[in-house]
Amino acid sequence: MDQIHIRGGRRLEGAIAISGAKNAALTLLPCALLTDEPLTLRNLPRLADVDSFGHLLNELGVSTTTEGARRGEFGRVLTARATEVRSTTAPYDIVRKMRASVLVLGPLVARMGEATVSLPGGCAIGNRPVDLHLQALEALGAEIEVAAGYVRARAPGGLRGGTVRFPIVSVGATENALMAAVLGRGTSVIENAAREPEITDLARCLQAMGARIDGVGTSTLTIEGRDRLHGATYAVMADRIEAGSYACAAAMTGGSLELLGAREEDLAAVTAKLREAGVSVEETRRGLKVSAVDGLRPVEIETEPFPGFPTDMQAQFMAMLSLATGTSRLTETIFENRYMHVPELARMGARIEVRGRTAQVEGVGGLHGAPVMATDLRASMSLVLAGLVAEGETRVNRVYHLDRGYERLEEKLQAVGADIERLSDG
Ligand code: UD1
């Protein structure tokens, strides 16, 4: 298996182009199932999860073609065309590797009147059920059966309009409900909808395909169902979590990075905490410029649904706050069991104590390199960040986690001065 080797202590300076957002890509790709016309997505990141989603679409009978970006553009361009949907089953072997596969459920029932999707099963950051996805489809008229590890949703005459009231905010369930409702008969209302920028990106793409959606960006979405949607071309938004991660890299290494394409409005809770920690964040013509000023100050953070502080930035901030002068507190309210980076950071010299949902981080003078491994994507990134400032060499194992969500990680960091390389054993 590949490893990433980092020799810490280099100050990072320069510009990093932020890739298309993984989480937006994973909800824009299933939109191809909603129409028999081609959907072209620009600025798609080159990531393992995006490839897996492409394979899942192929499995369902959707044709996909990819090309490189135009001059001056980053990312890839993919055209998906679901002239016919051959299969309505998302098999266990694909869903188990990528939880977001469950996002074919809504579009498949809406277009085909049925869908069978494997239950995702356990996951490293908590048990992550799909009950809210199923409740939403039921509210829109689907009949749900769960048997032998699979969920079967059926709506033989098509979905109807309905009201979906989510008891808690769920990004994925909101996405499934929205993708289903756009082809339902009549008007649907989604209450307590997630407001993450990726949901807005999804709504904008659906609108480009002819969907009627009101309340975009708010917690109440009103959808007037259409008989059919048409093809469209849509550019995926910049990845706010990738941008936030590199912002931490600038702050931790005493450096300065311009994050090309990053948008302050998508990152307001993160930039507020960076500023509180003593980091300078400025909007530029091309994105955001993040620079270390003096030392880092401790802060208190609680993860929340958007516009609150994202759970997907918790691990990276923990690595950063390990270097602050004083004690920080992070409380994780979205996922249980999302502190698996704590023992690994501790092996690099961090002082962190977890009590229930709260982690208390005692700032230390410095970190030291060590062989480490992580069990999820953002946890792996926190170890890379720690490695960038640690004395000596850090070896990060299980690089496949990073490949799921950070495009050309080593290349981007090398270009701004990091001493980082990937060693393949193949
Ligand atoms: C998405 C993101 C993930 C991010 C998370 C929260 C993608 C591909 N992934 O995940 O990176 O960390 O949002 O911002 O976009 N829940 C239920 N029942 C359900 C669904 C969710 O109880 O049916 C719970 C979850 O266990 C969790 C909370 O709701 O405690 C929020 O999860 P959710 O917003 O659904 O996360 P995902 O969509 O899986």
Side-chain angles (χ1 to χ4, degrees), residues 20-31 44-45 47-50 52-53 56 95 97-106 117 119-139 144 146 151 153 164-180 190 192-202 219 236-237 239-242 244-245 266-267 269-270 302-317 331-341 357 376-382 401-402 404-406:
K22 169 180 85 80
N23 287 353
L26 295 180
T27 188
L28 294 171
L29 285 162
C31 292
L44 268 186
L47 296 172
D49 272 11
V50 170
S52 306
F53 215 108
L56 172 58
V95 182
K97 287 192 211 121
M98 184 188 43
R99 223 187 155 273
S101 312
V102 76
L103 295 174
V104 299
L105 193 56
V117 174
L119 285 168
C123 153
I125 59 173
N127 89 50
R128 295 178 94 174
V130 291
D131 55 321
L132 300 172
H133 299 242
L134 306 183
Q135 278 170 29
L137 294 177
E138 259 176 343
I144 308 283
V146 181
V151 174
V164 178
R165 275 189 204 95
F166 285 120
I168 59 166
V169 177
S170 161
V171 174
T174 302
E175 291 165 346
N176 247 331
L178 183 56
M179 288 186 283
I190 305 176
N192 201 21
R195 285 180 282 164
E196 267 64 7
E198 292 77 14
I199 307 264
T200 301
D201 219 35
L202 167 63
S219 54
V236 182
M237 66 177 279
D239 197 311
R240 63 193 169 104
I241 306 300
E242 187 196 24
S245 303
D266 297 338
L267 276 158
V270 172
E302 192 160 309
T303 62
E304 281 170 345
F306 192 84
F309 188 92
T311 171
D312 285 352
M313 280 302 303
Q314 179 256 106
Q316 301 89 314
F317 261 65
T331 302
E332 174 58 57
T333 73
I334 310 288
F335 293 113
E336 75 268 30
N337 204 12
R338 205 175 191 179
Y339 282 139
M340 268 132 7
H341 40 287
R357 296 194 149 228
D376 74 74
L377 170 60
R378 306 305 168 185
S380 306
M381 190 60 184
S382 76
H401 288 299
L402 288 164
R404 291 186 48 213
Y406 290 91

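Order of appearance sets the numbers: ligands from 1, and atoms from 1 within every ligand.
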Under 3.5 Å side-chain donor-acceptor pair for Ser245 and Gln316
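The answer is yes; a qualifying pair exists.
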Please list, in number order, the atoms of ligand 1 under 4.0 Å from a heavy atom of [X].
X	result
Ile168	22 (O), 24 (C), 29 (O)
Gly172	35 (O), 38 (O)
Arg99	39 (O)
Thr311	6 (C), 12 (O), 14 (O)

Before accepting this row, confirm whether a basic side-chain N of the pair Arg404/Asp376 lies closer than 4.0 Å to the acidic partner's carboxylate O.
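No salt bridge links Arg404 with Asp376.
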Can we say Glu242 and Lys22 salt-bridge, meaning some charged N sits less than 4.0 Å from an Asp/Glu carboxylate O?
no
Go through the structure and list residues passing ring pair (Phe, Tyr, Trp, His ring centres under 6.0 Å) with Phe317, not counting sequence neighbours.
Phe309
Polar proximity ligand 1 side, [X] side, N/O cut 3.5 Å exclusive:
X	result
Asn23	yes
Pro129	yes
Ala100	no

Note, Leu377 side chain near Tyr406 side chain (heavy atom, < 4.5 Å):
yes
Nearest heavy-atom approach of Arg240 to Leu267 is O-CD2, 3.2 Å
Atom of Thr303, atom of Thr333 and distance for their closest heavy-atom approach
O-OG1, 2.5 Å
Mode of [X] contact toward ligand 1 - side chain, backbone, both, neither (heavy atoms, under 4.0 Å):
X	answer
Arg338	side chain
Phe335	side chain
Glu198	neither
Leu132	both
Ser170	both

Which residue from [options] reaches closest to [atom] through any of its heavy atoms?
atom	options	result
atom 27 (C) of ligand 1	Asn176, Ile334, Thr303	Ile334
atom 18 (N) of ligand 1	Val171, Asp131, Ile241	Asp131
atom 11 (O) of ligand 1	Val102, Asp312, Asp376	Asp312

Using side-chain hydrogen bond (donor to acceptor under 3.5 Å, both in side chains) as the criterion, point out the one residue from Arg338, Glu302, His341 that pairs with Gln314.
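That would be His341; it is the only one of Arg338, Glu302, His341 passing the side-chain hydrogen bond (donor to acceptor under 3.5 Å, both in side chains) with Gln314.
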Residue set satisfying side chain to side chain contact (heavy atoms under 4.5 Å, CB included) with Thr174, at least two apart, ordered chain then number -> Phe166, Ala193, Ala194, Ile199, Leu221
Ser380 (side chain) donor-acceptor with His401 (main chain) under 3.5 angstrom
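No, Ser380 side chain to His401 backbone: no donor-acceptor pair under 3.5 Å.
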